[in-house]
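Below you'll find the structure, written out as structure tokens, and then a few comments.
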Amino acid sequence: MKPTTLLFNPFKKIAGWKAFAIGMVVMIIISLITTYCQGNYFTTPANLGLVSNFTKLFTSYAITAIVFLIAGKIMAKDVRTQDILGTLALAKYPSIFSPFITRLMGAHLASRQHFELDTITTNLVMIACQAVTMLILTWGIILSYNAYRESTGLKGSKCIISFIIAFAVATVLAIVKNKLIF
Amino acid sequence: MMPCKCPSCQQELRVKKLKCENCQTEVSGDYELPSTIMLSPEDQRFIVNFVKSSGSLKEMAKQLGLSYPTVRNMLNEIIEKL
């Protein structure tokens with residue numbers, strides 16, 4: 001697989017339940033990293049921080065997948081459920097880097113208070129972290145779009161418009177979920 | 001690849017004469033080119049492989065090393081061209 005294909009459109013090679021399984025593994029890894037970065041080290045077999053992080057991540061993914069599945073079924077014919085679920089799960093992989101950025105920002109703010117670092121340095125570090133976060137988010141959106149496009153076979157404006165609407169609905173539902181449940 | 005469109009006005013070409021290399025018999029008439037000839041060599045290869053796979057997209061995906069939806073999208077594009 002070419003590097004650009006792996007980065008932006010691995011769904012040409014991997015889809016369906018295989019992609020779903022890889023996506024689940026990725027989400028577990030993200031939950032593990034997030035839990036570690038939060039300082040909740042694994043002292044008991046049933047680590048509640050890990051379960052909570054995974055549940056938050058999985059419910060956000062599930063909302064996105066269901067919304068895109070509905071959009072795909074409405075806009076295209078012959079859409080397989082496992083293709084949408086799998087490709088959107090796999091599209092989560094850039095989020096592996098997010099906990100590290102959050103941890104870096106938190107660590108820098110803490111060290112600033114401790115070592116009295118100047119405001120300019122702090123602001124530059126924070127801006128750099130925000131820029132990297134935006135890059136990761138953009139990468140995730142590109143992957144989600146390619147996942148949707150490959151799974152549904154839609155092209156052109158039909159694909160773009162239906163993706164934007166589904167993405168907006170999924171984002172709103174995820175925010176509502178976070179406010180009400182988590 | 002056999003030309004299918006007129007290089008001057010881009011209209012579809014038609015077959016006027018066929019010839020037997022063995023006995024030199026010539027058959028003249030006005031025949032339409034088969035629709036599969038209009039496709040690119042890659043698309044024609046895809047159709048042949050599709051038939052050899054008994055119409056199984058899953059089998060095609062394994063052979064080509066691509067995902068199922070990608071192979072299905074390729075088939076849909078060929079259907080649109082036809």
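So you know, we letter chains A, B, ... as the sequences are listed, proteins then strands, and number each from 1.
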Legend entry - B:Asn73 side, atom CG; A:Glu150 side, atom CD - distance, nearest 0.5 Å: 6.0 Å
Legend entry - For A:Ser151 against B:Arg72, the heavy-atom pair lying closest together: O-NH2, 2.8 Å
Legend entry - Heavy-atom proximity to chain B below 4.5 Å, by part of A:Lys155: side chain
Inset, instruction - Report whether A:Ile175 and A:Ile165 are members of the same hydrophobic cluster (ILVMFWY, side-chain heavy atoms less than 4.5 Å apart, transitive linking). - result: no
Inset, instruction - Give a yes or no on whether B:Glu32 atom CD has more than 12 heavy-atom contacts from other residues, nucleotides or ligands under 6.0 Å away. - result: no
Inset, instruction - Would you kindly confirm whether A:Phe100 and A:Val26 end up in one hydrophobic cluster when ILVMFWY residues are joined by side chain heavy atoms under 4.5 Å apart? - result: yes
Inset, instruction - Might you point out which heavy atoms bring B:Tyr68 and A:Asp83 nearest each other, and give the distance in Å? - result: CD2-OD2, 4.0 Å
Inset, instruction - Pick one of side chain, backbone, both or neither for A:Thr87, based on which atoms fall under 4.5 Å of a heavy atom in chain B. - result: neither
Inset, instruction - Following the transitive rule for hydrophobic clusters with a side-chain heavy-atom cut-off under 4.5 Å over Ile, Leu, Val, Met, Phe, Trp and Tyr, establish whether A:Leu143 and A:Tyr145 coincide in one cluster. - result: yes
Inset, instruction - Locate the shortest heavy-atom distance separating A:Lys13 from B:Gly65; write the atom from each residue and the value. - result: CD-O, 3.2 Å
Legend entry - A:Ile101 with A:Ile141, same ILVMFWY side-chain cluster at under 4.5 Å: yes
